[in-house]
K.L.:
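A single structure is presented below for examination.
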Amino acid sequence: MEYRFTEIEEKWKQNWEKTNLYKVVEDKNKPKFYALSMFPYPSGAGLHVGHPLGYVACDIFARYKRLQGFNVLHPMGYDAFGLPAEQYAIETGTHPEETTDKAIKRYREQLDKIGFSFDWSREVKTCEPEYYKWTQWIFLQLFNSWYNREADKAEPIQTLVEIFERKGCITDWKQFNPNLHETFSGADWSKFSSYKKERILQYYRLAYRSYTEVNWCEALGCVLANDEVKDGKSERGGFPVVRKKMKQWSLRITEYADRLLDGLNQIEWSESIKEQQRNWIGRSEGCLLDFNAELLPLSLTVFTTRIDTVFGVSFVVIAPEHEALNKLVTQEQKQAVSEYLAYVKSRTEIERQQEKKVTGCFTGSYVIHPFSGEKIPVWTAEYVLSGYGTGVVMGVPADDERDKKFAEKFNLPIVEIIDKSMYPNATIEDKLGKMINSDFLNGMEVQNAIDVMLEKVEEMEIGKRKVNYKLRDASFSRQRYWGEPFPIRYEVKGKTDLPFANGKDDDYADVPVALSENELPLTLPQVESFKPTGDGRSPLASNKTWLENNYETDTMPGYAGSSWYFLRYMDPHNSTAFASKEKLDYWQQVDLYVGGSEHAVGHLLYARFFTKILFDLGFLKADEPFKRMVNQGMIQGKSAFVFQNLEQKKFVSTNMVKEGDEGRFIHCDIQFLNDDKLDIEAFKKWRSEFASFQFVLDSKGEFLVQREVEKMSKSKYNVVNPDDVIAKYGADTFRLFEMFLGPIELSKPWDDKGISGCYNFLRKLWRLFFDADGKLLVTEDEAGNDSLKSLHKLLKKITYDVEQLSFNTSVAAFMICVNELTDLKCHNKNVLQNLVIALAPFAPFITEELYEKLGNKESVHTAIFPAYNENYLRENSFVYPISINGKLRTTLELPLDMEQAQVQEKVLALEQVQKWVEGKPIKKFIFVKGKIANVVI
RNA sequence: GCCGUGGUGGUGGAAUCGGUAGACACGCAGGACUUAAAAUCCUGUGGCACUUAAAGGCUGUGCGGGUUCAAGUCCCGCCCACGGUACCA
């Protein structure tokens, strides 16, 4: 009987659904395990073979844990708000909800074919009001909280108000927010208007309003995502884009910088992800230092981690956005600076940091060096970002790579200040060497000089120690329709808020007021047009209800919904809380989280941030969301290209293209390929405009395409759909092959060439059970020792590999075992049944069928994972590799308990060894039991 | 630019603690079965030169150095590809 996967998979899919096999309920008698795959954004293109990679891995782990007796939560849902659906709406007028629904249905169909153990009764969609009601609710928690630095946790804003009422905001309290340049007494506070009170509270709330930069495209009349900007132009239309300040919501994530950093030490994530988060947070200990302007009553404060190098300062650079820049520009430099600023405005932050071209402009002003008293020129340059540090840096060209390039370009003096001659391998920025040309620091080691300077600066009161973070507060506003509305309305005093900064500090007259809990959810209204309003506001700004109620017209960003969805799965239908206390306490945190490494800092940092806030406010028991995290690599596509010569109206087979030939390679859909050979007729049908072109074939009469590995994407015509693979080989083969492709965390191109190997494996497994006529071959006799050894070798390896999520080697181990059992002609029921249970997490359908055929009434997925028995694996001897001077020359089988002296005797007696030794003295004999013997001569 | 990851046969990859490089699979070549094909099974397969053959030799994990009895694995310096870079998700 043949292995008929279509029938088998259909049969069990229906059975599992009927019996609710994967439904999970809280059960205090079992240990819990929460296995989670990152939920997808449902794009219109459907799933491609890259998406299920992580899902399959996570599903295998979830199923494995279940076989080990855990109560496993393994849900799935959709991150359903997003730009692509909105963009489609702008182009076609289709409501994003419709587009999203359609995409979700398609995703669900595709996911269902792959045999996941998802509990679909817990599905969440971030765009549904029942879900985003709680996203809005969480936002209100943030809005109504502040970070108490003394208690080192978030607290209700009320506790701050009480402090203000009692003792006001005295000098000491300014440390709680250095941006608030105001002190007041408790009595003052009680007299403040609600507007003034709110303005002060805005400096403390975890969700607050401030001016942040956006990409403004005047021609399109809207704010663009970074993604939509290419080389300072809008991707659609190629219109100019400038950076502009706009009043927006931000989240005070910076208050959590240290805790986000420390928390990394408690979680089992890959070192690389933790390192990326550490670098993103970018904690650095340094010092603030004031430089007084020569002719103006102002001082520039720089942040530096290298206060020891202060005698090497030959210029100071101020960020182009810095508010003091205006005052510093002299009449003579006015023209040059304003031209430079226009150039900087058109550049994105990434472009600015790339500094391939060194740019900058002299302001005309000077500051006075606090120690030498010399005049130091002040420049402005794009490599200084206003958002980092103080937005002013001291230029030390001798000891900083970027400063050096800057000085060289603009002919600024370079003063050597550190003698590194005794550290020949040190780079320019290593904190090593002896101070020179540095007055009282001369002769000190760098580390020592830093300490001395810190003391000195604080003593002179021209600066102070400061811990700085690269992390910035998170921008939380989007001028979009398809996102969560803010549960905020404005108390209008006078004119309404203007979207853009107008230069005045105090140019808004609004006081944000939180909606009450029973007003939630504030649902997205229908709008007449999804097109931007043109003045920078979202389409909601043209909605009547929104205008009448003075609701916030911005919506929340994508990460609002995705920063807490893992909590909603615990209790997805709760209408009185985001999840009940009882269920939150039962599931606590995600035990294994699987998702793409592209989320290393974005989503993963925000989710940790939200978790810590909810923890502080007493809702959660764990302050880290994901205990263990694994990042799967991307599956890339193998694009195909054909060489096209437009003038001569021909295509040339890639092996006939010579260097210097006129023409170019253009993408060609991979569905027209047979290996690398092109089906010319199909291609012509696809692109009828090329039907009359000539096709130059190679000597074999074939037309070959050029292959290249690229991101898998519809626009590159290299997408492989899992449906097609499953139709041809079945879901079990598909799952095995996805895993067999390589280590889960590596990126690799999809190539279905190897898939028949996995298919053959399942058929070979099938043949252990059935002969060609479909007769069951299984016997109930005593299993042979060799078979048992093969089985237990497998079980040991699987147990180890699955814990490590090393699924490619697991699949190889199954193949080896089935090969061995086939050679041994083993049809023993006990051996085969254990094999089937072990394979069940990987290939859920075929194993369910075989398990039933073995006479079992229960599902294989409720069985118990077989433990391996070391007794079957014991070996008495080992084939030692024998090497001479580290080079393998021969092998020798010896008992494993043989000691070095005896081994040496046996080894040296070998003919092969004698041949190499040739009577020379043995310098050394290395012996590692069970590993190797090495003769050194 | 900065941060992170990776580079091993024709291909995907294996080598878990510094100890036999290339497990497993694809592909390819040859053979068996077959009228033929498919399927299945068997044998071989990193490269080089040599040999009737066997055995053996040299070389080989992106490039250049180093540490070690022994390096794909550790250290230093490069090159290339990929992911992120704060409004794609």
Side-chain angles (χ1 to χ4, degrees), chain A residues 2 38 40-41 43 79 81-84 87 214-215 223-229 270-273 275-276 278-280 282 348-356 383 387 401-402 425 470-475 477-480 557-559 562 596-603 605 631 633-634 636 709 711 737 740-743 745-758 760-761 763-764 767 772 797 800-801 804 806 808-809 811-816 819 879-891 912 915 923-926 928 930-937:
Chain A
E2 279 283 298
M38 272 182 198
Y41 173 78
S43 89
D79 185 14
F81 278 130
L83 216 46
Q87 198 47 49
V214 295
N215 300 310
V223 174
L224 298 178
N226 288 338
D227 224 40
E228 302 172 296
V229 185
S270 74
E271 259 327 297
S272 65
I273 298 282
E275 195 58 22
Q276 281 181 75
R278 284 189 195 108
N279 291 332
W280 184 262
T348 67
E349 209 166 312
I350 290 183
E351 288 170 332
R352 284 180 56 177
Q353 284 173 75
Q354 281 181 353
E355 53 106 349
K356 279 215 170 103
Y383 81 93
E401 197 61 50
R402 276 189 307 192
N425 290 326
K470 214 153 71 196
L471 184 72
R472 310 200 291 254
D473 275 346
S475 154
S477 283
R478 300 294 181 264
Q479 293 68 41
R480 297 283 171 182
Y559 65 86
S562 64
S597 50
E598 66 272 27
H599 301 283
V601 280
H603 162 60
L605 199 67
N631 294 100
M634 275 204 331
Q636 294 141 318
V709 174
K711 196 167 174 167
F737 185 57
F740 192 57
L741 228 39
E745 66 273 11
L746 289 192
S747 292
K748 52 240 156 187
W750 177 270
D751 191 342
D752 23 275
K753 263 187 198 155
I755 198 165
S756 58
C758 292
N760 288 343
F761 157 71
R763 288 196 300 172
K764 206 162 172 180
R767 287 201 299 272
K797 177 135 181 78
Y800 182 87
D801 282 357
Q804 310 289 311
S806 176
N808 55 329
T809 53
V811 176
F814 280 116
M815 288 172 170
I816 291 168
N819 287 346
V879 180
Y880 280 95
I882 310 296
S883 49
I884 315 282
N885 286 339
K887 269 197 174 137
L888 178 77
R889 294 302 174 186
T890 187
T891 55
Q912 262 296 315
K915 192 178 109 189
K923 280 195 202 142
K924 220 177 193 178
F925 184 81
I926 310 270
V928 184
K931 283 265 160 72
I932 200 168
N934 186 16
V935 184
V936 187
I937 49 175

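Treat the numbers as computed from the prediction; the structure is a model and nothing was measured. Naming: A, B, ... by sequence-line order, numbering from 1 per chain.
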K.L.:
Classify the nucleic acid contact of A:S477 as base, sugar-phosphate or nothing, counting any heavy atom under 4.0 Å across all strands shown.
P.N.:
base
K.L.:
Looking at B:A36, which nucleotide sits across from it as a Watson-Crick or G-U wobble partner, both distances under 3.5 angstrom, or is there none?
P.N.:
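None - no nucleotide pairs with B:A36, as no candidate has both distances under 3.5 Å.
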K.L.:
Do A:D79 and A:S562 get their side chains close enough for a donor-acceptor pair, meaning under 3.5 Å?
P.N.:
no
K.L.:
Please classify the nucleic acid contact of A:P40 as base, sugar-phosphate, or nothing, using heavy-atom distances under 4.0 Å.
P.N.:
nothing
K.L.:
Using a 3.5 Å distance criterion without hydrogens, assess whether the side chain of A:S806 forms a donor-acceptor pair with backbone atoms of A:D801.
P.N.:
no
K.L.:
With a 3.5 angstrom cut-off on both distances, give the Watson-Crick or G-U wobble partner of B:G1, or none if there isn't one.
P.N.:
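B:G1 is paired, partner B:U85.
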K.L.:
Look at A:K924 and B:C69 and indicate whether a side-chain polar atom (N or O) is within less than 4.0 Å of OP1 or OP2.
P.N.:
yes
K.L.:
Tell me what A:G82 touches on the nucleic acid: a base, only sugar-phosphate, or nothing, going by heavy atoms under 4.0 Å.
P.N.:
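Sugar-phosphate, no base atom in range.
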K.L.:
Taking pairing as Watson-Crick or G-U wobble with both contacts under 3.5 Å, can you name the mate of B:A70, or confirm there isn't one?
P.N.:
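No nucleotide pairs with B:A70.
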K.L.:
Quickly work out the A:E275 CD to B:C3 P distance and round it to whole Å.
P.N.:
10 Å
K.L.:
Both distances under 3.5 Å, Watson-Crick or G-U wobble: report the partner of B:C58, or none.
P.N.:
B:G47
K.L.:
Would the base of B:U16 count as contacting A:K797 through its side chain, where contact means a donor and an acceptor less than 3.5 Å apart?
P.N.:
yes
K.L.:
Base, sugar-phosphate or nothing for A:R278? Non-hydrogen atoms, less than 4.0 Å.
P.N.:
nothing
K.L.:
B:G30 pairs with which nucleotide, Watson-Crick or G-U wobble, both distances below 3.5 Å?
P.N.:
B:C42
K.L.:
For the side chain of A:I926, starting at C-beta, report the closest nucleotide among B:G56, B:C87, B:G19.
P.N.:
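The nucleotide sitting nearest to the side chain is B:G19.
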K.L.:
When the distance from CE of A:M815 to C1' of B:C26 is rounded to whole Å, what number comes out?
P.N.:
10 Å
K.L.:
With a 4.0 Å cut-off on heavy atoms, is A:V601 in touch with a base, just the backbone sugar-phosphate, or nothing at all?
P.N.:
sugar-phosphate
K.L.:
Please report the closest heavy-atom contact between A:R480 and A:L224, naming both atoms and the distance.
P.N.:
NH2-CA, 4.3 Å
K.L.:
Please work out whether B:C17 sits syn or anti, treating a glycosidic angle within 90° of 0 as syn.
P.N.:
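Base orientation relative to the sugar is syn.
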K.L.:
Mind calculating the distance between NE2 (A:H599) and P (B:A89) to the nearest angstrom?
P.N.:
10 Å
K.L.:
Looking at B:A86, I'd like to know if its phosphate oxygens (OP1 or OP2) sit under 4.0 Å from a side-chain N or O belonging to A:R472.
P.N.:
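So the side chain of A:R472 is outside the cut-off, no N or O lying under 4.0 Å from OP1 or OP2 of B:A86.
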K.L.:
Please tell me which of the listed nucleotides, B:A25, B:A86, B:C3, lies nearest to the side chain of A:F740?
P.N.:
B:A25
K.L.:
Please check the phosphate of B:G12 (OP1 and OP2 only) for any side-chain N or O of A:N808 closer than 4.0 Å.
P.N.:
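So the side chain of A:N808 is outside the cut-off, no N or O lying under 4.0 Å from OP1 or OP2 of B:G12.
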K.L.:
Taking only the side-chain nitrogens and oxygens of A:N279, find out if one of them lies under 4.0 Å from OP1 or OP2 of B:C2.
P.N.:
no
K.L.:
So does A:R767 get a side-chain nitrogen or oxygen closer than 4.0 Å to the phosphate oxygens (OP1/OP2) of B:C41?
P.N.:
yes
K.L.:
Donor-acceptor pair, distance only, cut-off 3.5 Å: does the side chain of A:K748 make one with the backbone of A:P743?
P.N.:
yes
K.L.:
Starting from the 5' end of RNA chain B, give me the residue, A:A812 or A:N934, whose nearest nucleotide shows up first.
P.N.:
A:A812
K.L.:
To the nearest angstrom, how far is A:H603 atom NE2 from B:C88 atom P?
P.N.:
15 Å
K.L.:
For a quick check of understanding: with a heavy-atom distance under 4.0 Å over all strands, which category does A:K470 fall into, base, sugar-phosphate or nothing?
P.N.:
base
K.L.:
Any side-chain heavy-atom pair from A:F740 and A:I755 closer than 4.5 angstrom?
P.N.:
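SC-SC contact between A:F740 and A:I755 ruled out.
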K.L.:
Indicate whether OP1 or OP2 belonging to B:G57 is found under 4.0 Å from a side-chain N or O atom of A:R889.
P.N.:
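For B:G57, OP1 or OP2 has a side-chain N or O of A:R889 closer than 4.0 Å.
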K.L.:
Nearest to the side chain of A:L471, heavy atoms from C-beta on, is which of B:A86, B:G13, B:A15?
P.N.:
B:A86
K.L.:
What does A:Q804 touch in the nucleic acid at a heavy-atom separation under 4.0 angstrom: a base, only the sugar-phosphate, or nothing?
P.N.:
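Since no nucleic acid heavy atom lies under 4.0 Å of A:Q804, the category is nothing.
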K.L.:
Just name whichever nucleotide pairs with B:G9, Watson-Crick or G-U, keeping both distances under 3.5 Å, else none.
P.N.:
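Base partner found: none.
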K.L.:
First locate atom NZ of A:K797, then atom CD1 of A:I816, and finally report the distance between them rounded to the nearest 0.5 Å.
P.N.:
8.0 Å
K.L.:
Using only side-chain N and O atoms of A:N760, determine if any of them is under 4.0 Å from OP1 or OP2 of B:C26.
P.N.:
yes
K.L.:
Give A:V229 one of three labels, base, sugar-phosphate or nothing, depending on what nucleic acid heavy atoms sit under 4.0 Å from its own.
P.N.:
nothing
K.L.:
Choose from B:A89, B:U16, B:G12 the nucleotide whose nearest atom is closest to any side-chain atom of A:K748.
P.N.:
B:G12
K.L.:
Heavy atoms under 4.0 Å, any strand shown: does A:F925 hit a base, just sugar-phosphate, or nothing?
P.N.:
nothing
K.L.:
Can you tell me whether the base of B:G13 sits syn or anti, using the 90° cut around 0 to define syn?
P.N.:
anti
K.L.:
Go through A:K711 and A:E598 one step at a time and tell me if the salt bridge (charged side-chain N to carboxylate O under 4.0 Å, His left out) criterion holds.
P.N.:
CA-CA 13 Å; A:K711 196 167 174 167; A:E598 66 272 27; over 6 Å; no
K.L.:
Pick from A:V936, A:I937, A:N885: which one makes a side-chain contact (heavy atoms from CB on, under 4.5 Å) with A:K924?
P.N.:
A:V936
K.L.:
Look at all strands and tell whether A:N819 reaches a base, only sugar-phosphate, or nothing, counting heavy atoms closer than 4.0 Å.
P.N.:
sugar-phosphate
K.L.:
Taking B:C58 as the reference, what is the distance to B:G31 when you measure between their C1' atoms (whole Å, please)?
P.N.:
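It comes out at 32 Å once rounded to the nearest Å.
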K.L.:
In terms of the nearest nucleotide of RNA chain B, which residue is placed more toward the 5' end: A:I816 or A:M634?
P.N.:
A:I816
K.L.:
OP1 or OP2 of B:U59 versus the side-chain N and O atoms of A:K887: is any pair under 4.0 Å?
P.N.:
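Checking B:U59 against A:K887, a side-chain N or O does come within under 4.0 Å of OP1 or OP2.
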